[in-house]
Amino acid sequence: MTAQTSRNILIVPLDPVHDVGAKLIARTLRERGHSVTLLQPDLSVEEVISRARRLSPDFIMVSRTISYDTPELLAKFADMCDAAGIRSHAKLVVGGMSIRKEMAQELGFDAGFGPQTTLEEVADYVDGKAHLSQEATYGGTKPDLTRGYKYDFVDREIGELCVSIARRLIDWASARTSPGIERAKLRVKIEEARLSGDVSSVNDLRGKYSALTGGDVRKWYESGQPIPHTRPLTPNEAAAIENMGSDVPVPLVSQKPLEPVNVIVQYGTGCPVMDAYHIELSLAWGAKGAVHFDPSWGARTEGLAEGTLSHQHDGTVLTLENLKLLKRAIHPAALWQVRAHRGLNTPETVVLAHLAGADLTKINIVYGSLGAGTDPARLAVDGVECLRLAASFGLPYDVVTNEELCGVPARKAFAGMLVVATAGVLLGGRPILQPLFADSPEAMVSGFTEDNLVDFNAAKMLALKSIINAPIWPGAPVGFMTQTQDRCQSSTMTALHAALALGLGAEAVTIASSDEAYAGGPISAQARVDTLKSVAASLKFFGSTRISPTPRAEEMAEGLKKGILETLERVYERGDFVAALYEGLLGDREDGAYPGRAGRDTVTVRQ
């Protein structure tokens with residue numbers, strides 16, 4: 001690129017030995033058409049001044065890497081430039097690892113560039129262009145994780161079984177309903193009445209809604225008794241989120257490797273204010289979106305509360321008001337997922353996700369039934385309704401295999417995931433496959449990860465890609481069960497799992513903070529930055545190369561496909577997907593899976 005006006009530039013590595021940065025700056029400026037003189041390192045200030053007086057440059061650009069005596073040395077240099085009359089025609093610029101903009105200005109320099117500066121920023125300054133790095137905000141286009149996928153089965157035998165089983169499941173569920181489905185219908189009517197200002201209808205509908213709730217939520221509706229460990233947000237807390245806005249700084253240069261990929265974080269500190277700050281912090285460090293985690297008791301209690309609520313423990317209370325408040329902190333170009341995959345309020349959660357403006361939700365019948373405590377029949381009915389609702393709202397959703405964390409083998413977990421995803425496609429939805437990307441109990445017991453953690457996880461991606469043309473989003477989060485309380489180790493394992501998944505063609509990955517699995521308290525902001533920085537560093541390290549699995553990964557993938565086929569054949573022969581869940585065909589007690597009890601005997605035949 002040729003500069004509009006060629007400048008005479010003197011570049012000075014005011015350092016005993018280090019001049020790599022100075023050389024890179026010199027090359028960039030020459031490419032832009034400037035006349036550049038690059039001095040050698042280890043010159044005295046007096047020698048530099050002497051050369052500057054002879055050359056009469058437009059810019060004197062000083063590079064300083066080491067930190068000791070830096071302020072004193074730079075102040076002396078600026079003073080001597082003044083005394084020599086150089087400042088009348090030359091701008092003084094300083095850059096280096098120990099330089100900060102504020103320090104440069106205090107020492108009398110016209111500009112200062114620190115360790116996160118790009119070569120383009122420095123060159124733009126010389127060219128007189130206003131660089132936007134200090135003022136720009138997080139931008140870009142919102143990712144679409146499902147774009148371009150046809151959901152065609154590559155493996156026809158597995159595909160035919162999935163379609164047959166899914167159709168039976170849809171037919172069975174379509175003839176039934178549950179309190180969760182009826183509450184979801186009432187929630188839509190309540191919010192429509194609120195929008196129209198019909199107070200009488202709102203009160204009447206809330207009364208009907210309350211009759212379908214249970215436990216502490218019913219007490220809250222009937223008497224106003226607070227739900228344990230929750231409290232309303234104060235006006236100042238709500239205002240703090242409202243005043244934040246959704247603008248966040250562009251990620252630092254070190255995070256540039258995250259630009260072309262989709263790294264998603266999860267939040268659920270219990271406090272919406274803390275969540276909002278954590279979301280903005282994560283976006284500023286390169287995350288492309290965030291996942292809402294609700295309290296575990298919310299999955300086992302019939303009904304959802306209303307209002308803006310803070311929660312004393314992990315998990316942020318799921319209410320429309322909380323979601324709408326948090327939406328203010330999420331940049332329009334960032335993805336936002338509100339998960340609805342495991343409990344008694346799944347249909348209503350999809351409704352709230354839609355009403356609050358979420359981009360994605362999470363639906364899975366099998367994990368919620370076998371690993372999260374919900375009755376299989378109840379979650380099958382509610383889950384199919386969720387698939388319908390998500391399709392009608394245009395909400396994509398992932399189908400997760402977290403039952404693997406209980407010990408369910410991947411072959412069974414994947415068979416269930418594929419059936420649920422197929423049902424979603426049949427109902428017009430856009431599912432995303434979410435295999436566990438970690439060191440699962442099955443892998444530990446079977447020795448799949450004894451030599452390395454690459455092959456077994458790569459085998460999952462290879463197997464799924466050879467079965468169906470569908471997006472894959474490893475997570476829940478990646479690296480789970482490989483992390484320890486050591487934040488360096490935890491961040492490293494997260495970063496390596498993320499790099500592996502993205503290198504194998506995953507559309508996105510979900511990551512946790514470095515202290516999330518073992519925090520024992522609030523997630524720290526620094527811990528969120530830990531893993532985002534580590535993922536960026538790992539992507540920078542691997543670049544366009546890839547982590548290469550051994551030939552054993554292909555063998556594992558073939559074995560996994562065979563196991564998926566055998567599992568689907570048994571489910572198909574049983575003729576009843578819900579019965580297959582109860583009877584352990586998709587995960588039994590020996591695997592560590594137990595059919596849930598929450599919501600048992602609440603499914604009824606539609607009238």
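Since we're looking at a predicted model, the values are computed, not measured. We count residues from 1, following the sequence as given.
Asn364 and Gln434 are not linked by any side-chain donor-acceptor pair at a separation below 3.5 angstrom, with hydrogens and angles left out of the test. For the residue pair Arg183 / Asn345, a side-chain donor-acceptor distance below 3.5 Å is found, with atom types taken as modelled. Counted by atom type alone, Arg528 and Ser513 present zero donor-acceptor pairs between their side chains at under 3.5 Å.
Checked against the 6.0 Å centroid criterion, the rings of Tyr267 and Phe293 do not qualify as a close aromatic pair.
In this structure Val154 satisfies the side chain to side chain contact (heavy atoms under 4.5 Å, CB included) test with no other residue, sequence neighbours excluded. For Trp172, the ring pair (Phe, Tyr, Trp, His ring centres under 6.0 Å) criterion is met by no residue, not counting sequence neighbours. Shown here are the salt bridge (Lys or Arg N to Asp or Glu O under 4.0 Å) partners of Asp198, two or more places apart in sequence or in another chain: there are none.
The closest donor-acceptor contact from the side chain of Lys208 to the backbone of Leu186 lies at 3.5 Å or more, if one exists at all. No donor-acceptor pair closer than 3.5 Å links the side chain of Lys219 to the backbone N or O of Pro226. At distances below 3.5 Å, not a single donor-acceptor pair connects side-chain atoms of Asp294 with backbone N or O atoms of Thr316. The backbone N or O of Val317 lies less than 3.5 Å from a partner atom in the side chain of Asn322, making a donor-acceptor pair. No side-chain donor-acceptor contact under 3.5 Å links Thr213 to the backbone of Gly303. The closest donor-acceptor contact from the side chain of Arg168 to the backbone of Tyr572 lies under 3.5 Å. No donor-acceptor distance shorter than 3.5 angstrom exists from the side chain of Arg589 to the backbone of Tyr594, with no hydrogens or angles considered. Using modelled atom types, one side-chain atom of Thr361 and one backbone atom of Val338 make a donor-acceptor pair closer than 3.5 Å. Judged by distance alone, the side chain of Lys288 and the main-chain N or O of Val263 form no donor-acceptor pair under 3.5 Å. Of the possible donor and acceptor atoms, none in the side chain of Tyr209 sits under 3.5 Å from a partner among the backbone N and O of Glu182.
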Please report the C-alpha distance between Glu280 and His331 in whole Å, then the side-chain angles of each, then the deciding distance to 0.1 Å, and finally whether the side-chain contact (heavy atoms from CB on, under 4.5 Å) criterion is met. CA-CA 8 Å; Glu280 288 209 351; His331 192 278; over 6 Å; no

Quick one: do Asp375 and Ser369 satisfy side-chain contact (heavy atoms from CB on, under 4.5 Å)? Show the steps, please. CA-CA 6 Å; Asp375 173 63; Ser369 298; over 6 Å; no

Evaluate side-chain hydrogen bond (donor to acceptor under 3.5 Å, both in side chains) for Gln312 paired with Thr230, printing each intermediate quantity in order. CA-CA 6 Å; Gln312 185 177 351; Thr230 70; over 6 Å; no

Could you go through Ile468 and Asp152, starting from their C-alpha distance and side-chain angles, then the distance that decides it, and tell me whether this counts as side-chain contact (heavy atoms from CB on, under 4.5 Å)? CA-CA 6 Å; Ile468 188 172; Asp152 299 325; over 6 Å; no

Using the side-chain contact (heavy atoms from CB on, under 4.5 Å) rule, take Glu191 and Val188 through it: C-alpha gap first, then chi angles, then the decisive distance, then the call. CA-CA 5 Å; Glu191 300 309 323; Val188 172; over 6 Å; no

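Among all heavy-atom pairs drawn from Pro347 and Glu385, the shortest one is CB-CG, 4.2 Å. Counting all heavy atoms, side chain and backbone alike, Leu370 lies closest to Leu581 at CD2-O, 3.7 Å.
Counting non-hydrogen atoms of neighbouring residues, nucleotides and ligands closer than 6.0 angstrom, the CG atom of Asp171 exceeds 12 such neighbours. Within a 6.0 Å radius of CZ in Arg606, other residues, nucleotides and ligands contribute more than 12 heavy atoms. Dense packing is recorded around CZ of Arg574, with more than 12 heavy atoms of other residues, nucleotides or ligands lying under 6.0 Å away.
A distance of 12.0 Å separates CG of Leu195 from CD1 of Ile190, quoted to the nearest 0.5 Å.
Below 30°, between 30° and 60°, or above 60°: for His311 and Trp297 the angle between ring planes is above 60°, a perpendicular geometry.
Counting only residues at least two apart or in different chains, side chain to side chain donor-acceptor pair (under 3.5 Å) contacts with residues 405-417 comprise Lys412-Asp591. Within the structure, salt bridge (charged side-chain N to carboxylate O under 4.0 Å, His left out) pairs that include any residue of residues 222-236 comprise Arg218-Glu222, Arg231-Glu237 (at least two apart or interchain). Sequence neighbours left out, not one pair with a member in residues 174-204 passes ring-ring contact (aromatic ring centres under 6.0 Å, His included).
A 4.5 Å side-chain heavy-atom check between Ile241 and Tyr277 finds every atom pair outside the cut-off. With a 4.5 Å cut-off on side-chain heavy atoms, Leu568 and Cys162 count as touching.
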